[in-house]
Amino acid sequence: MIPSYLEALNPEQRQAVLHTGKAAGDALMHPLLILAGAGSGKTRVITTKIAWLIREQGVDPRSILAVTFTNKAAREMAERARIIDDRAGFAMLRTFHSFGAWFLRRNGNLEGLGSNFIIYDDDDSVALLSTLLEDLPKAEVKQIAHAIARAKDYFLSPEDPELDLIDFHPEFRRYYTQYEDKLARIGNVDFGDLIKKPVEILRSNPEVARRFHDRFSVILVDEYQDSNIAQFELLKELCGPATYICVVGDDDQSIYRFRGAEVRNILEFPDRFAGADIIRLERNYRSFSPILDLASSVVDKNEGRLGKTLVAHRGVGKTPTLAFLPDQDAEAEFCAELIEKSVHKKAAVYSDWAILYRTNAQSLGFETEFLRRRIPYRVVGSLKFYEREEIKDALALLSFLVNPRDEIAFRRVVNKPARGAGTATVDRIVGEAAGGDPIPSGNPVPSGDLAEAARRIMPALPSKARAGVSAFFKALEGGLSMLTPEPPESAGDNNILIFNRNTVEASDENNNILYFNKKTAEAADGKKRPRKGSKREGLSAGEGLSPCVVRLIDDSGIGEYHRTHDDITGFQRIGNLQELANAASIYPATRAGLLEFLEHIELDRSIEQETGDEGEKGTVTLITVHNTKGLEFRRVIMTGIEQGIFPRDDKLGDDLEEERRLFYVGATRAMDELYLTSCAMRRMFGRTMPMKPSLFIGEADKNVLRIIGKPPFGFEGRGLPDQSSGRRPGVQGSVIKPVSSSDGRWKVGDRVFHDDQGYGAVTEIRESDEGPVIRVKFETGKDTRFLSLHQSSGYTKIGNDD
DNA sequence: TAGTTTTAAGTTTTT
DNA sequence: CTTAAAACTA
């Protein structure tokens with residue numbers, strides 16, 4: 001008797017769902033690796049599996065732990081599993097980091113960590129490190145901070161012999177040690193700690209490990225190819241003898257190596273988890289076959305892969321198109337026209353289209369062109385709301401309120417706006433707080449409290465500095481007064497799941513469920529909240545935690561500082577601060593609520609796109625290839641498929657393989673139609689540079705690629721149609737030539753490119769007072785002279801002789 | 001100490 | 001070109 005929700009699955013999917021890890025005549029648990037190719041329905045498999053385990057296997061939903069990498073994925077998974085069985089809502093569905101934070105709030109005391117820690121992001125880590133390495137240039141400090149983060153990803157401590165593999169700099173060990181010491185003194189953690197510390201606690205406290213083995217009988221991991229070594233270690237520690245572990249992933253979609261992701265985790269899963277079974281999901285329900293064939297033909301050039309063959313369930317469709325274009329302006333036009341035509345013919349709507357690029361900087365050209373043509377678009381991912389200065393300032397105030405030992409937050413805002421408390425004053429306060437004595441681990445002691453320290457040395461400060469410091473703490477007290485006292489143990493380890501944009505559900509350890517409706521919460525204040533750019537002075541307070549945030553921003557002078565500091569961006573900055581305050585309104589006005597708010601911000605920085613002005617035809621999506629993972633679009637244009645851009649020039653070996661996977665991820669987002677564009681030249685950093693077609697174009701199977709346009713020199717001759725007719729006359733501007741043949745000197749026969757005239761050849765060279773003058777015959781028939789302006793490595797630019 | 005000018009450099013980034 | 005950091009000046 002097969003439940004109806006299983007009937008929708010294909011045989012492999014069903015096999016993956018029905019696998020329980022128990023084999024006949026064998027008491028051991030068999031782990032499961034599901035190799036799920038792009039578009040093979042892996043989310044459906046995971047969610048169905050959760051529901052099936054609860055319904056048919058009698059698994060207690062509370063003993064299921066499902067980890068993902070993004071909050072979005074966690075939300076989607078929870079929603080979809082609950083559609084099949086509502087009890088799935090009791091399962092713990094979290095990101096790795098959110099699980100780690102939850103773990104540490106309850107068990108961090110075993111590592112000398114209080115439960116009120118703040119989570120530092122990468123910028124905070126750099127700021128902390130700069131207080132230790134004051135005389136080093138910022139760029140170097142950043143590099144070291146990055147190396148420390150990678151070390152933690154690889155589960156390496158300062159004393160690890162293998163640390164040299166991350167950074168062989170002789171001082172690195174010392175820097176890492178100092179960083180760890182200071183972080184521990186402050187009592188906060190960074191992202192890496194959220195994974196690394198739980199592993200350490202589980203290892204050194206067997207009774208804690210046993211408790212967790214009892215608690216979770218099933219562990220599911222999504223996007224396993226993006227896990228790092230520390231996360232692998234965490235999974236191993238969480239798995240007891242009776243734990244069933246099932247990981248889902250696709251080695252071809254591992255694209256976060258630069259952040260410590262380790263493809264070998266998935267490649268070597270069967271070796272690391274004994275008795276593992278492997279199930280392949282190779283039926284692709286998303287794309288037509290030529291799209292898959294093209295993507296596969298490129299990623300197939302990788303050596304380190306398990307290898308699989310995707311079969312297109314939808315069959316044969318339109319062949320992908322590669323367009324060679326002269327430059328990025330033509331590229332933007334090409335995309336715009338393609339989109340306009342399809343919408344005009346009613347073959348597609350705007351939201352069917354996505355423009356993919358390798359770097360965020362590439363979005364600008366498309367935005368300009370789309371604005372001009374009134375093509376509606378949205379840019380995904382480039383809004384770095386929480387990285388904005390004003391937001392970081394406000395968050396520093398809030399962080400300091402929660403943890404008065406937070407020197408980093410203190411330094412950031414104590415003298416902002418300028419109150420006469422400069423570095424000299426700050427250093428005195430910090431020195432007083434440090435007191436020379438290391439802080440006994442476990443309990444937050446006043447000796448590290450910066451507020452206490454400031455109070456102590458206040459009388460000794462010069463009057464100006466004293467007034468400034470006093471004003472700062474007065475503002476903090478104002479914020480603190482907006483919080484209501486509460487019994488200390490009421491929050492902190494709640495299991496919070498957000499199921500959709502409007503409903504927030506929180507359940508505590510006893511499964512008492514609390515619902516917050518964001519919309520009602522927002523409406524309850526009865527006031528119209530000012531939107532971005534409001535002319536209103538000051539910020540409006542909503543309910544919940546929001547009045548505290550508003551009070552802090554106002555009293556500290558941070559709001560005034562940003563409003564007056566820059567007329568143009570002032571409005572926007574105030575608007576951003578208002579948005580932050582609004583976001584706080586769904587949290588209770590208590591210390592615990594504040595802590596929850598800050599944790600939420602640190603761990604979920606995805607911002608729901610404002611889609612208010614979206615018409616019925618939707619909007620075109622502009623997005624980096626990285627950001628497309630997990631998404632799909634009917635029509636995709638992958639732009640800038642040029643050497644140096646995609647792949648980047650400096651990519652070799654494993655890094656190059658990752659770029660190939662990135663190409664694979666991008667291409668397999670397309671359901672119906674896929675286009676690639678490659679430019680012969682591109683303006684970069686204000687200069688025009690000649691570009692070569694991407695290595696991947698050479699590697700792609702030309703049987704599934706229709707080529708239009710004219711490739712740059714050296715890449716012609718594949719029987720490609722000519723596109724050079726119809727250029728307008730008149731030779732203004734300049735020509736450039738790639739320096740490939742000679743040392744930069746001109747020779748008769750050299751080939752050049754002109755923005756308007758296209759390609760041409762040098763027919764004559766003579767010397768003038770101002771340098772060499774060349775005569776060029778263009779393919780358009782034009783014959784013109786140019787004066788050489790300047791030369792530099794890689795290209796030569798020639799100005800018009802007029 | 002605070003603000004201004006000069007110079008240098010320029011991925012991707014779920015948490 | 002556009003941004004951030006170092007160097008410089010009031």
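Chain A is the first sequence line, chain B the second, and so forth, proteins listed ahead of strands; every chain is numbered from 1.
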(request) Please list, in 5' to 3' order, the outermost nucleotides of DNA chain C lying under 4.0 Å from any heavy atom of chain A. (result) dC1(C) to dA6(C)
(request) Verify whether one side chain among Tyr154(A) and Glu262(A) offers a donor that lies under 3.5 Å from an acceptor in the other. (result) yes
(message) Rounding to an integer number of angstrom, what distance separates dT3(C) and dT14(B) when you compare their C1' atoms?
(response) 25 Å
(request) Check whether the ring centres of His146(A) and Phe258(A) lie less than 6.0 Å apart, and answer yes or no. (result) no
(request) Provide, to the nearest angstrom, the distance between the CD1 atom belonging to Ile119(A) and the P atom belonging to dT14(B). (result) 15 Å
(request) Take the protein atom CZ of Arg660(A) and the nucleotide atom C1' of dT12(B), then report the distance between them rounded to whole Å. (result) 18 Å
(request) Using whole Å, report how far CZ of Phe191(A) lies from P of dT15(B). (result) 8 Å
Every protein N/O lying under 3.5 Å from an N/O of nucleotides 1-3 of chain B:
residue: dT1(B); atom: OP2; partner: Thr423(A); partner atom: OG1; Å: 3.3

(message) Nearest heavy atom decides the nucleotide; on that basis, is Ala361(A) or Glu602(A) closer to the 5' end of DNA chain B?
(response) Ala361(A)
(request) Mind telling me whether Phe366(A) and Tyr357(A) have parallel, tilted or perpendicular rings, with 30° and 60° as the class edges? (result) parallel
(message) Using side-chain heavy atoms (C-beta onward) and a distance below 4.5 Å, is Asp250(A) in contact with Tyr224(A)?
(response) no
(request) State, with a plain yes or no, whether a side-chain heavy atom of Ile266(A) is found less than 4.5 Å away from one of Leu35(A). (result) yes
(message) Between the base of dT12(B) and the ring of Phe258(A) - centre-to-centre under 5.5 Å, planes within under 30° - is that a stack?
(response) yes
Report all interatomic pairs (protein N or O, nucleotide N or O of nucleotides 5-10 of chain B) with separations under 3.5 Å.
none

(message) At less than 4.0 Å, is any side-chain N or O atom of Thr624(A) found next to OP1 or OP2 of dT11(B)? Yes or no.
(response) no
(message) In this structure, how many angstroms lie between the C1' atom of dT15(B) and the NE2 atom of His146(A), rounded?
(response) 14 Å
(message) Nearest whole Å is fine: how far is dT14(B) P from Lys72(A) NZ?
(response) 12 Å
(request) May I ask you to verify if any side-chain N or O of Asn627(A) is less than 4.0 angstrom from the OP1 or OP2 atom of dT12(B)? (result) no
(request) Assign Tyr256(A) to base, sugar-phosphate, or nothing according to its heavy-atom contacts below 4.0 angstrom with the strands shown. (result) base
(message) If I take atom CG in residue Asp226(A) and atom P in nucleotide dT14(B), what distance separates them, rounded to the nearest angstrom?
(response) 12 Å
(request) For the pair His600(A) and Tyr587(A), name the ring-plane relationship: parallel under 30°, tilted 30 to 60°, perpendicular over 60°. (result) tilted
(request) Evaluate the side-chain contact (heavy atoms from CB on, under 4.5 Å) criterion for residues Ile645(A) and Thr359(A): first the C-alpha distance (whole Å), next the side-chain angles of each, then the deciding distance (0.1 Å), finally the verdict. (result) CA-CA 8 Å; Ile645(A) 301 272; Thr359(A) 66; 5.6 Å; no
(message) Side chain of Asn71(A) only, heavy atoms from C-beta on: which candidate in dT14(B), dT15(B), dT12(B) is closest?
(response) dT15(B)
(request) Answer with base, sugar-phosphate or nothing: what part of the nucleic acid does Lys152(A) contact at a heavy-atom distance below 4.0 Å? (result) nothing
(message) Suppose we define a pair by two distances each less than 3.5 Å, Watson-Crick or G-U wobble; what does dT1(B) pair with here?
(response) dA10(C)
(request) Rounded off to whole Å, could you give me the NZ-to-C1' distance for the Lys142(A) and dT11(B) pair? (result) 13 Å
(request) Taking the side chain as every heavy atom from C-beta outward, state whether Phe103(A) and Leu202(A) have any pair of such atoms under 4.5 Å apart. (result) yes
(message) Could you walk me through whether Phe69(A) and His97(A) satisfy the ring pair (Phe, Tyr, Trp, His ring centres under 6.0 Å) test, starting with their C-alpha distance in whole Å, then the side-chain angles of each, then the deciding distance to 0.1 Å, before giving a yes or no?
(response) CA-CA 8 Å; Phe69(A) 281 84; His97(A) 290 86; 8.0 Å; no
(request) Describe the nucleic acid contact of Arg358(A) in one word from base, sugar-phosphate, nothing, applying a heavy-atom distance below 4.0 Å. (result) base
(message) Using a 4.0 Å heavy-atom cut-off, does Asp121(A) contact any base of the nucleic acid, only the sugar-phosphate backbone, or nothing at all?
(response) nothing
(message) Which label fits Phe646(A) and Phe696(A): parallel for a plane angle under 30°, tilted from 30 to 60°, or perpendicular past 60°?
(response) perpendicular
(message) Regarding Arg563(A) and Glu560(A), does a basic nitrogen lie under 4.0 Å from an acidic carboxylate oxygen?
(response) yes
(request) Calculate the interatomic distance between Asp193(A) atom CG and dT15(B) atom C1'; express it in whole Å. (result) 13 Å
(request) Test the Arg105(A)-Phe117(A) pair against the cation-pi criterion, namely NZ or CZ under 6.0 angstrom from the six-membered ring centroid and within 45° of the ring axis. (result) yes
(message) Going by purine N1 to pyrimidine N3 plus the second Watson-Crick contact, or the G-U wobble pair, all under 3.5 Å, which nucleotide sits opposite dT15(B)?
(response) none
(request) Could you please name the option among dT15(B), dT14(B), dT12(B) that lies closest to any side-chain atom of His626(A)? (result) dT12(B)
(request) Measure distances between side-chain N and O atoms of Arg259(A) and base N and O atoms of dT15(B), and say whether any donor-acceptor pair falls under 3.5 Å. (result) yes
(request) Answer with yes or no whether the side chains of Ser125(A) and Asp122(A) bring together a donor and an acceptor at under 3.5 Å. (result) no
